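Throughout, a chain's letter reflects where its sequence line sits, starting with A, and its residues are numbered from 1. Heavy atoms only: backbone and side chains are in, while hydrogens, waters and symmetry mates are out. For clarity, every value in this text was computed on a predicted model and none was experimentally measured.
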Number of protein chains: 4
Amino acid sequence: MSQEQLNPDKPETILTHSDHQEHVSSPQVASSFEGATSTLSRARSKLGLHPQHPVKYEDDEIHQMNLLWPRIRLVLREPFAEFFGTMIMILFGDGSVAQVLLSKNQASAPGGDGYGAYQSISWGWGLGVMLGIYVAGDSGAYLNPAITFSSCIYRKLPWRRFPIYFVAQVLGAFVGSGIVYANYLNAINNYEGHGIRTVPPSNTATAGIFCTYPQTFLTKPGQFFSEFIASTILMFVIFALKDDRNGLSKGSTNWFPLSLFFLIFGLGACFGFETGYAINLARDFGPRLMSYAVGYGPQVWSAGGYYFWIPMVAPFCGCAFGGFLYDFFIYTGPESPLNEPWLGFKHFFRIGTHQTTYEHDMKMRNGNHNV
Amino acid sequence: MSQEQLNPDKPETILTHSDHQEHVSSPQVASSFEGATSTLSRARSKLGLHPQHPVKYEDDEIHQMNLLWPRIRLVLREPFAEFFGTMIMILFGDGSVAQVLLSKNQASAPGGDGYGAYQSISWGWGLGVMLGIYVAGDSGAYLNPAITFSSCIYRKLPWRRFPIYFVAQVLGAFVGSGIVYANYLNAINNYEGHGIRTVPPSNTATAGIFCTYPQTFLTKPGQFFSEFIASTILMFVIFALKDDRNGLSKGSTNWFPLSLFFLIFGLGACFGFETGYAINLARDFGPRLMSYAVGYGPQVWSAGGYYFWIPMVAPFCGCAFGGFLYDFFIYTGPESPLNEPWLGFKHFFRIGTHQTTYEHDMKMRNGNHNV
Amino acid sequence: MSQEQLNPDKPETILTHSDHQEHVSSPQVASSFEGATSTLSRARSKLGLHPQHPVKYEDDEIHQMNLLWPRIRLVLREPFAEFFGTMIMILFGDGSVAQVLLSKNQASAPGGDGYGAYQSISWGWGLGVMLGIYVAGDSGAYLNPAITFSSCIYRKLPWRRFPIYFVAQVLGAFVGSGIVYANYLNAINNYEGHGIRTVPPSNTATAGIFCTYPQTFLTKPGQFFSEFIASTILMFVIFALKDDRNGLSKGSTNWFPLSLFFLIFGLGACFGFETGYAINLARDFGPRLMSYAVGYGPQVWSAGGYYFWIPMVAPFCGCAFGGFLYDFFIYTGPESPLNEPWLGFKHFFRIGTHQTTYEHDMKMRNGNHNV
Amino acid sequence: MSQEQLNPDKPETILTHSDHQEHVSSPQVASSFEGATSTLSRARSKLGLHPQHPVKYEDDEIHQMNLLWPRIRLVLREPFAEFFGTMIMILFGDGSVAQVLLSKNQASAPGGDGYGAYQSISWGWGLGVMLGIYVAGDSGAYLNPAITFSSCIYRKLPWRRFPIYFVAQVLGAFVGSGIVYANYLNAINNYEGHGIRTVPPSNTATAGIFCTYPQTFLTKPGQFFSEFIASTILMFVIFALKDDRNGLSKGSTNWFPLSLFFLIFGLGACFGFETGYAINLARDFGPRLMSYAVGYGPQVWSAGGYYFWIPMVAPFCGCAFGGFLYDFFIYTGPESPLNEPWLGFKHFFRIGTHQTTYEHDMKMRNGNHNV
């Protein structure tokens, strides 16, 4: 709970000319530029984003500020990034499940046993996240509401960011899974029968391509714990990888996407059996909604004893706990409320720090805001 | 459509002495050097290449400019690079399919089940592209006409480059697949029977080693869409990886080949089932021609309802669309026509920018021209 | 055998104000800070740790030194790091065995043949070690008592460090395997039968998820040699990777975790068949104790002819021998006793070097102490 | 054929004091140091090595020069490096074949189907080469006589180096495969029967663990071509990766070992079916000799129509051709004879360059001598 949540009505600082002084050298451009900038800032602020967009223009590119679409694009920079990053992640992730599941035992494949095995799925999700992070770049590349959530709690990402990131992530997953569905439409018809769509534990179920369904032997607590522990590990390791105060993570920014490949691959290979390692509301709910929309029926919600809410709730709990563990035992940075007097709760009573939201945001932007 | 296409008759600027001033220190060398340079520039310009070759000689290496073959090699620098890069890609890619397909279920292999599984093929194409990029280096390492095409549209690569790159890429793929055929000749005879060569859906078909054949259950639109969407993802992610204005891609030049390994692996593992992810005219048409030449018969063209044209056309459409998506929603660089007034169409009417082709080329060369 | 072992009673130098001079700028903070620092140093010294904690605070973070928990955390910095690093390693490692073993031949998995194959286990341990190293960062990221042991012998890590590192590593492995057990509780009940827990060579044994059991055809010397040779390779290659005097390892600090992924993957793929490549007392004994505690019975100790002591003893012998080989034939650094007169044995007789423990520690800390 | 081969009797320049001036600061050390240095230089020169060892001592480490073993170690620096690098490569490579072959179909393995599949072998050789390169570091990390050979032809590595590198590589492979044999002794007895050792095409053959045997359907030219083309690709790509004048290889020194992992993995996955991609006399002949020595019988030589000479000869032809291709079409560096007048043949007639061997060696050492 950071101070921003407590002052929802306080408008964020609007950028003035001086903030962009460095970018503008010719006086004739400065005037219209300044107007465009302040409109931009207001629009971004209303969406919950930082008033200043993260794009650095060279002098000769400033004309883009006068074009309609580039200006809209600057307003929506981070939501677009999260949308496409999550979409890419889902395209590869759901795509890998589709390919392995739909080509099962196909004898005409090279090698005579289908177009992939379970391990392809670990690859698909691992590299999907890796490439999604490259695509999302400027937004922080969260791709997961639970990670945004933990970053708000433990890394002072303003809570106002959460809603629009959330919407972008869920939409990206929805659209990504829709593209996978469209791409594999013929193959699904071939596998299940034309127009037949079923949900596990049906023998020919294809709903598992899009979202996760638990093993039948799992109890409810077992379902929850499996998602919880995977999410805990996810957040704990991500915080370690982003902690440039801790040993080998120093100066390893370029290594982050590759490390995430290994992390996600590992979660798939080591904790993917019981519940399919959703560990992400967007990854599970978006495609589940899509599969419901295209006709997989209400079983997408009722399967596994109305399992659908677990991959929505458990990742938030797990990531919050994983972040807590890392900050409690290892993290020494000032962003964490655990490293403040009263575990940061003094913010509820407005004692102490008077850092403005804008200053904080500038710091986050220039520092390691890409959690 | 860049301005170069509109002025096909305007000769490119010929290099003069001063362009190479820095390289030449001893006056006795300078004279013959200058002559060699201007011949070189003219020859390169005629081929559609940048007048200045991309090689940087040290002072004591300048004597190479007086040797016949090294001069020819400078003229053909980029075509050679594309030729060998594409050849390496095909050697590993087609080689991996050959090994998996021809050793199917072989009991004498270590492990008793052949020399690889479908996943080997994802490895083969992924690392083939990665190593091909290292080999091609100085040409931009496109290895794919559709990517050259998108770079012409969205990154101001002059259209004059396209033809000779195209020829080099297709020839490289043709020769590469021919080497794979020669290498596996005994094994193909052993698998199909001496002198028998068949095309899918034959049970012992080996034509699939060289080029792609679609699943039988696919409709025509399904065939097209599968190649289209894979090409879209290819281009979209490549533009993200090369975008040094976007988050983690900054300063990640060294990571590009490895990232491409993951991208191509992913396309193979997630979108390779239905049509075999050709996503590249050169990769599919070159080897298809080779397989026709060595006797696989006219079925290489007629199979799958004359499928052969789809991997020729769809990659161009897909890459153009993928590039459009990236530039429309994310890219802020000045090279993209989407970031110019009138979406760049003003170039048709010669309004505005007076940047010469040569200046542009110099900028491309020194900047991120390796898309 | 370093000099520290010979003077167990000599207290380590206690840090004074000047050691932290650089961190403290405002005089009002300095006083309480100094007190806190010296308490910290004494506490760390008693635990066998370096008196100075490895965290670098910025000026505005110094207030953490006055908070109780952050101070305790500084005292226990390295043990926490080893604990969590080892835990993460075991979570992925044991998790991968659990998933592959418990989902054997499951037809409802995508691909129809379970959730992974033996290779998943190489991935699990490889990436577990890689991510564990990132997590452990500041402690040196040994994660293995035998590697700590070799570092004491050959790299002048003070022997006083060994006990607390040992405890942290074994505890981390114990807790990690306990979490894996809790996570897969339902699945184990489903696989073995409710409440049934067996040890290899039982047909439904699940004890092999947690610790290693040897192949039945192995003789005792064969068991020992298999663990010995794998540990030798482990230490030999790690010393090569950390040797910044040797060719390509120079300036490759960032590559260390990834290289360890390949090293551990290789040990699993090439030397994992006979005894399961424990090569680590903590990795084997911690989880074995856990499995005994949760009811796998005394067979966890008696199986394989009381095999359990071999993965406890052989790694120390193997790592000591591997370190000897590397230092004898390749290493030229001054830390190795093999590069001193009398092979370093003169320290027993207190001849020569008078470097204090503290100075040595400072050097180790600032240099390549992360073996 | 470089000039060194033509003057075998000309002694290499002996290092004098001034060469090490920078290392020596205290005059009392300098005298004995100088003597030691010149003995060292003479010994190294006699072995065909560069007179100056590649180790850089700090001032306080110079005392090592007065210790017997460290001095011997300096004399044998590069041979030791090649020995251990090749040994590590073989340990992982042969180890992976052993594990996959000997555990075939074993039902008690996690997953129920042995401890690995063919792909493990690609991993084993790939990462074996990668880690072997890290170990060998200072020697240039050739690990393969054919690559040393090509480096002598095309990169001016003096031919005098070849013999001792050759001996070290073959010995390293011999010892490495012996360790694998010792480690898997029980398992081989279990697989073949106690004391029985057979060679392919026997059904229970285990000789294929150590060296390569061709598929039975291959003709003699097919055998040769398969090794030839794989060696050509090997050398061609290595020269591209080491060419710091070509695009993305610039500044990628740290990436070399990882790239070699992918290259070797690719050769195994794409060109390993027919003859097992020996592509290295040391890798094949050393272990073949070992297997003959431990009792696999004369069939290790006669199998496959006395196949054993092909992996001895073809790699030299292939690597020479691959190097030729790269230098002819792409390489612009001055080391290649193809970039000299008369294709470098003028050296036979002693025209032109008067660079001394020592100067050349210094250049090679400081530059990119690690081919």
Engineer: Starting at OG of B:Ser226, measure out to CG of A:Leu185 and round the result to the nearest 0.5 Å.
Structural biologist: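 B:Ser226 OG to A:Leu185 CG: 12.0 Å, rounded to 0.5 Å.
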Engineer: Would you call B:Arg245-A:Glu61 a salt bridge at under 4.0 Å N-O?
Structural biologist: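 Yes, charged N to carboxylate O under 4.0 Å.
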Engineer: Among B:Leu101, B:Ile209, B:Ile121, B:Leu218, which has the most heavy-atom pairs under 4.5 Å with chain A?
Structural biologist: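 Looking at each option in turn, the highest pair count goes to B:Leu218.
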Engineer: Looking only at heavy atoms, what is the nearest atom pair of B:Tyr118 and A:Gly116, with distance?
Structural biologist: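 Closest approach of B:Tyr118 to A:Gly116: CD2-N, 3.5 Å.
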Engineer: With only heavy atoms counted, which part of A:Gln106 is less than 4.5 Å from chain B, the side chain, the backbone, both or neither?
Structural biologist: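 A:Gln106 touches chain B through side-chain heavy atoms alone.
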Engineer: Can you name the closest pair of heavy atoms from A:Arg77 and B:Ile330 and give their distance?
Structural biologist: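 What the structure gives for the nearest pair is NH1-O, 2.5 Å.
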Engineer: Would you say B:Gln119's side chain and A:Ala117's backbone share a donor-acceptor pair under 3.5 angstrom?
Structural biologist: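 Here the side-chain-to-backbone pair does not exist.
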Engineer: With a 4.5 angstrom heavy-atom cut-off, could you sort out which part of A:Asn190 is near chain B: side chain, backbone, both or neither?
Structural biologist: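 Interface part for A:Asn190: side chain.
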Engineer: Pick one of side chain, backbone, both or neither for A:Ile88, based on which atoms fall under 4.5 Å of a heavy atom in chain B.
Structural biologist: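 Side chain only.
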Engineer: Name the region of A:Trp125, side chain, backbone, both or neither, that has any atom closer than 4.5 Å to a heavy atom of chain B.
Structural biologist: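 Neither part, no heavy atoms under 4.5 Å.
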Engineer: Which one of A:Ala182, A:Ser108, A:Ala136, A:Ala81 has the most heavy-atom pairs closer than 4.5 Å to chain B?
Structural biologist: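 The option with the most such pairs is A:Ala182.
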Engineer: Restricting to non-hydrogen atoms, name the atom on B:Cys270 and the atom on A:Gly124 that form the minimum distance, rounded to 0.1 Å.
Structural biologist: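 What the structure gives for the nearest pair is SG-CA, 4.0 Å.
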Engineer: Report the relative orientation of the aromatic rings in A:Tyr184 and B:Phe273; use parallel for angles under 30°, tilted for 30 to 60°, perpendicular for over 60°.
Structural biologist: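 Taking B:Phe273 first and then A:Tyr184, their aromatic rings lie parallel (interplane angle under 30°).
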Engineer: Donor-acceptor check, side chain of A:Asn183 to backbone of B:Ile229, threshold 3.5 angstrom: yes or no?
Structural biologist: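 Side chain of A:Asn183 to backbone of B:Ile229, a donor-acceptor pair under 3.5 Å: no, none is there.
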Engineer: Could you check whether the rings of B:Phe261 and A:Trp123 sit parallel, tilted or perpendicular, using 30° and 60° as the cut-offs?
Structural biologist: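 Judged by the thresholds at 30° and 60°, the geometry between B:Phe261 and A:Trp123 is perpendicular.
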Engineer: Got A:Met130 and B:Ser259 here, is their nearest side-chain heavy-atom distance under 4.5 Å?
Structural biologist: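 Answer yes - side chains close enough.
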Engineer: Need one label for A:Ile179: side chain, backbone, both or neither, based on atoms under 4.5 Å from any heavy atom in chain B.
Structural biologist: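 When you check distances to chain B, atoms from both the backbone and side chain of A:Ile179 fall under 4.5 Å.
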Engineer: A side-chain contact here means heavy atoms from C-beta on lying under 4.5 Å apart; do A:Glu58 and B:Pro334 qualify?
Structural biologist: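 A side-chain contact under 4.5 Å is absent here.
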Engineer: Can you confirm whether or not the ring centre of B:Phe329 sits under 6.0 Å from the ring centre of A:Phe83?
Structural biologist: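 Centroid separation for B:Phe329 and A:Phe83: 6.0 Å or greater.
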Engineer: For A:Ile72, is it the side chain, the backbone, both or neither that has a heavy atom under 4.5 Å from a heavy atom of chain B?
Structural biologist: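 Interface part for A:Ile72: neither.
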Engineer: When the ring planes of B:Trp255 and A:Trp255 are compared, do they come out parallel, tilted or perpendicular, using 30° and 60° as the limits?
Structural biologist: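 B:Trp255 and A:Trp255: perpendicular rings.
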Engineer: Is the shortest heavy-atom distance from the side chain of B:Asn339 to the side chain of A:Arg73 under 4.5 Å?
Structural biologist: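 Heavy-atom side-chain distance check passes, below 4.5 Å.
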Engineer: When you look at A:Tyr134 and B:Asp243, which way does the side-chain contact (heavy atoms from CB on, under 4.5 Å) test go after all the steps?
Structural biologist: CA-CA 9 Å; A:Tyr134 276 119; B:Asp243 183 357; over 6 Å; no
Engineer: Shorter than 4.5 Å, heavy atoms on both sides: which option in B:Val100, B:Asn246, B:Leu263 has the most such pairs with chain A?
Structural biologist: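 Of B:Val100, B:Asn246, B:Leu263, B:Asn246 has the most heavy-atom pairs under 4.5 Å with chain A.
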Engineer: For A:Leu258, is it the side chain, the backbone, both, or neither that has a heavy atom closer than 4.5 Å to a heavy atom of chain B?
Structural biologist: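 The side chain, not the backbone.
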Engineer: Quick check for you: among B:Leu241, B:Val97, B:Asp113, which has the greatest number of heavy-atom pairs under 4.5 Å with chain A?
Structural biologist: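 Max contact count across the listed options: B:Leu241.
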Engineer: Is any side-chain heavy atom of B:Phe217 closer than 4.5 Å to one of A:Asn189?
Structural biologist: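 No - every pair of side-chain heavy atoms lies 4.5 Å or more apart.
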Engineer: Please determine, among B:Asn105, B:Leu267, B:Leu325, B:Asn203, the option with the most heavy-atom pairs under 4.5 Å with chain A.
Structural biologist: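 Between B:Asn105, B:Leu267, B:Leu325, B:Asn203, the count favours B:Leu267.
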Engineer: Please classify the contact between A:Ala187 and chain B as side chain, backbone, both or neither, with a heavy-atom cut-off of under 4.5 Å.
Structural biologist: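 Both backbone and side chain.
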Engineer: Dump the intermediate steps for side-chain hydrogen bond (donor to acceptor under 3.5 Å, both in side chains) on A:Tyr115 and B:Gln215, then the final yes or no.
Structural biologist: CA-CA 12 Å; A:Tyr115 286 81; B:Gln215 296 292 328; 3.0 Å; yes
Engineer: By a 4.5 Å heavy-atom criterion (distance strictly below it), what part of B:Phe236 contacts chain A: side chain, backbone, both, or neither?
Structural biologist: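 Contact with chain A: side chain only.
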Engineer: Quick check for you: among B:Asn254, B:Leu102, B:Thr219, which has the greatest number of heavy-atom pairs under 4.5 Å with chain A?
Structural biologist: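 That would be B:Thr219.
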Engineer: Rounded to the nearest 0.5 Å, what separates atom OG in B:Ser122 from atom CD in A:Gln99?
Structural biologist: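 Here the interatomic distance stands at 7.0 Å.
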